[in-house]
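Reviewing the structure listed below.
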Amino acid sequence: VTLAKKSTGLRALALGALVLGCYGAIDGGGAGPRGEPAVPGASARVAHDGVSGLVRLTNAQYVRTVTDLVGVDPTAAGTSFPRDGVGSHGYVAMGAVTALEADRFLRSAEEVASAAAPALRTGLPCDLDADASCVSTFVRDFGHRALRRPLLDDEVVALVAPFTVARTEWGYGADEALAVVVATLLVQPEALYRTQLGDGPGAPGASVALGAHELASRLSYFVWGTAPDPALLALADRGAILEPARLEAEARRLLADPRSEDGLGDMFVYWLGVQTLAEKGKTAEVHPAWNDALAAAMITEIRSVALATLREEGTLDALLTTRRAYVTPELAEIYGVTHPTGSGAAWVDLADPDRRGLLTRAAFLATHSLPAESSPIRRGKIVRTRLMCDVLPPPPANAMLDLPTVDPLASTREKTTILTSPTSCQSCHALINPVGFAFERFDAVGRRREVEHGQPIDATGFLEGSDVERSFDGSGELTALLAESERVERCFVTELFRFGTERLDTAGDAPLLDALADDFVASGGDLRELVIAFVTSEAFTHYQVP
Amino acid sequence: MRSLSRRTMLETLGLGGALVPLVGLGSSAAAGATGTAKRMVIITTTNGVAPEHFFPPAPGSLADLAATRILAPLAPYRDRTIVIRGVGNAICEAQSALDGHDSNLSLLTGVPRLEGATSRSASGISVDQFLADHLAERDGPTAFHDLSVAVMPNGHLQMNKISFTGPDQPVPTDDDPYNVFTRLFGGGDLAQAERLRRQRRSVLDATYPRVAALRDRVGVGDRPRIDAHLQAIRDIERQLEVPACIAPEMPLAGDGSRWSWTSPALIEIATVAQIDLIAAALGCGATRIATFPLMSGGGEAPYPFLGVPGSERTHHDLGHNADNVADPGARETLVQYDTWHARMIARLCDKLDSIPEPEGGTMLDTTIVAWVQQMTTQHEATSIPIVMIGGAGGYLRTGQYVDYTMAGAQPLQRWLLTLCHAMGADVPSFGASQIHARDHTFELVNDVPLLEIIS
């Protein structure tokens, strides 16, 4: 007790008038300065040093790239790659390659190369043993794809050397020696990083045009989450990708391809914060249907529904209100619908008027819950921060001390209301709670429920602090309001920008963001045109030297 | 890590006055010895504890440690244990309303979090990395600079990080015991291992100069990342020069397969595996420093394998509700969780105590196993419970419970400095020892004394 008092005193000294905040989940992304009042709709624009001319592939991108390149999935070959970390911009942020990771890349490359070498060798147009130039042919072609640019002659020579040494000095067979070359290429810095340097690092403040291969890779990783395919690589070789019309045409081609579920699909996964679903403590003891396959199916559904909606209706409105669902039989059971075939993943339409849009899909509802109970606070917070761009400070440090008493048998809504009733909580929770309550007809795994502790669910609320201040009953009506909101449209532009530039937006980005947002709003929230406008903007084709 | 290492050249202050033991009734196994520890393992847990079940009833002897519920598993080592109460992480108090949320960033660094970084990060080197550098310099390099393992890093990735080589340079933790195993002990027979080493040298020889060439192309701001990559390659090259250790059993997931994180039920299996791997790594000299954030960060995992009431709830949830009168079961379940943590630490001590030292005694006698909490209760960090087990080569005055509560919370940096001296790094200070709460500033000062727990 003495300590608690002392700490409160210290804090009061330290923070003075800044003490204000709310109790709630702290997880997930969401940028915002700490210790400042809640600001509905105020996107944080801060000075930062997140801009880099050297972009490390995410682990997911590296795995996809290697799989596409050699036909062997590194994770299936035995190496586990950790899930990518999230930066303050809300999307994947990669640090420097550490010794542990360098070791992991090396061992993975060995395993993958050994598994892939026989097929790579039989696919060659020449005979490695009979034709001395055959290995050069392989290095030139495979290296081109692995490094996503043509190799220089001395680079070819340097990579042929290990093959010769392995063959002649170590007594390796052709496959084993080829595997050494493949492993070497898979750990080259250009296999692990993308550069955005153009002709050089550039002076501070300069805007440097990306080289053709850099731009091709950036586009491919942005939309597909993997390396350019032969068609795009050929356009880069000829420099044609630097022509705006060609860049736009390629962007449209990539968008129309299902591989966009991998690349751009990442944006929707991290935007909705569902990448942590498998680690949210759900167990089969509490939720009998729960298993890894179900969690994976939920994430797949987010990618599939998001990109299918982008390709079909193509609007943010549709994304927030779609009835489309992509379900395995287990997921269909959660939604209470019949699976059309009884096996595999299939498309269904959901009739439930509360199941409208991505926010009502199981991945979202289950991630933003406690292990066994729904969490209006977590659900409300992510909608406020990631869809409405509110800046919410973390709860005050003493938020959990002297909590009001709650009846264990009270409804989640009642408990939440009582626990957040102190005045210091209300500045944020007046915004968070009503939004979260809209989803109360869905439990901790996203299953519909009509009653809690025998009492009917109350999912009504009023959308405070928004440009659509109206009342709603349930998530169907809430998502309809969000779909009407211009602020939500503008916020989505900021989110896409953060994902695509891999950093927080700064004050200097405001003119571009405003222009993109104006056009997006005027177009009625046309997602495809937004992606095209972003990809052809200087924020994408150039590197802004910090 | 290099900058502070060089700072060790700062003149050593006369610390004589501070060395007088003010407290201490223990019968340290190595009392009177003047050595220092050769190895250190730091294990952290979070979300606070129930202090009435953690600490002995009164300062002084640990003879009745078996009667303390949470620490009872450590009773066999009571003569080589120090329990400390009243060391506080004032940085958490001063830097923000976040309080203990960022405590992992200052816990082992003693400096505040990095402001303006793109993600939560520390602004300085952590004591484990500093001491690994120190020991490499003093006793020669080991195959692994240090070993950093974890179990199930969860959504709070940044909150899992406790170890840093410098500002914004977190040391990655390996949460895959199988990976840890293969890194430490390789696989296959000696001929195969030698063949693999030769091949790896070839791959790295072809890679290093190309990473170095990239360094010349990128801007100044990106060079530290390239330098870290180059250092990583050199680290692997060094590991290739060291003969493999004697391997323990290969850790496998519960179903006998290779590892993947799928279920909280695996936490127990993984923790046991990581503990055994730490002991094996120390035992064969592969490294001297290990860190293990055991259920760190948000602690968003239940411990269903305990099979106690409430074990379907997450550690985080229990920590939050430990004082909630409307949730009377939470505190008891939290005690069960923390008792399990103590059992895991006792397991590590068992392993180390079974390895004889050439000069006599066991490896535990020359090691410090430190178990430190990130928080007091809930999200406060005003008094973080600390337990240190091991003889530390006779440096520490073990067998006692020290309570600073009445004297006012002692700065965390005193403990970090004491760890440095216990490992033979006689630096004048560690971390930012002066905290100015009013203007959120911190500074490095050289007048922080060691804790009064040394022989």
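Predicted, not measured: the structure shown is a model, and the values here were computed from it. Order of the sequence lines fixes the chain letters, A, B, ..., with proteins taken first and strands second; residue numbering starts at 1 for each chain. Hydrogens, waters and symmetry mates play no part in the numbers below; they use all other heavy atoms, side chains included.
Counting only heavy atoms from C-beta outward, the side chains of B/L214 and A/T195 approach each other to under 4.5 Å. Within the 4.5 Å cutoff, side-chain heavy atoms of B/S202 are placed close to those of A/V180. Using a 4.5 Å heavy-atom threshold, the side chains of A/V97 and B/R225 count as separate. Contact of the B/H229 side chain with the A/T98 side chain is not registered, since no non-hydrogen atoms from C-beta on lie closer than 4.5 Å. Using a 4.5 Å heavy-atom cutoff, the side chains of A/L197 and B/V218 are in contact.
Atom CG of A/D199 has 12 or fewer heavy atoms from other residues, nucleotides or ligands within 6.0 Å.
Heavy atoms of A/L192 lying under 4.5 Å from chain B belong exclusively to its side chain. For A/V286, the part lying near chain B is the side chain, with the backbone staying farther off; criterion is any non-hydrogen pair under 4.5 Å. Within the 4.5 angstrom heavy-atom criterion, only side-chain atoms of A/L106, from C-beta onward, approach chain B. Heavy-atom distances place both the backbone and the side chain of A/W170 under 4.5 Å from chain B. With a 4.5 Å cut-off on non-hydrogen atoms, B/R198 touches chain A through its backbone and its side chain both. When heavy atoms are compared at a cutoff of 4.5 Å, B/L230 does not approach chain A at all.
For the pairing with A/V187, the side chain to side chain contact (heavy atoms under 4.5 Å, CB included) check across B/I233, B/V211, B/V203, B/L204 returns one residue only, B/V203.
For A/E190, the salt bridge (charged side-chain N to carboxylate O under 4.0 Å, His left out) partners at least two apart in sequence or on another chain are A/R149, B/R210. Annotation: side chain to side chain donor-acceptor pair (under 3.5 Å) contacts of A/R194 (sequence neighbours excluded): A/Q196, A/E502.
Ranked by heavy-atom pairs under 4.5 Å with chain B, the first of A/K282, A/E155, A/E285 is A/E155. Among the candidates A/A158, A/A96, A/P162, the residue making the largest number of heavy-atom pairs closer than 4.5 Å to chain B is A/A96. Of the listed residues (B/G221, B/G219, B/P172), the one with the most heavy-atom contacts under 4.5 Å to chain A is B/P172.
B/R313 has no carboxylate O lying under 4.0 Å from a charged side-chain N of A/E373, or vice versa, which leaves the two without a salt bridge.
Using modelled atom types and a 3.5 Å distance limit, the side chains of A/Q188 and B/T207 yield a donor-acceptor pair.
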TODO: Start with the C-alpha distance between B/L196 and A/E110, add both sets of side-chain angles, then the distance that settles side chain to side chain contact (heavy atoms under 4.5 Å, CB included), and finish with yes or no.
DONE: CA-CA 9 Å; B/L196 210 50; A/E110 286 166 356; 4.1 Å; yes
Task: Verdict with reasoning, A/E176 to B/Q199, per side chain to side chain contact (heavy atoms under 4.5 Å, CB included) - done: CA-CA 10 Å; A/E176 292 172 307; B/Q199 186 180 308; over 6 Å; no
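The two residues B/D222 and A/L54 have their closest heavy-atom pair at OD2-N, 3.3 Å.
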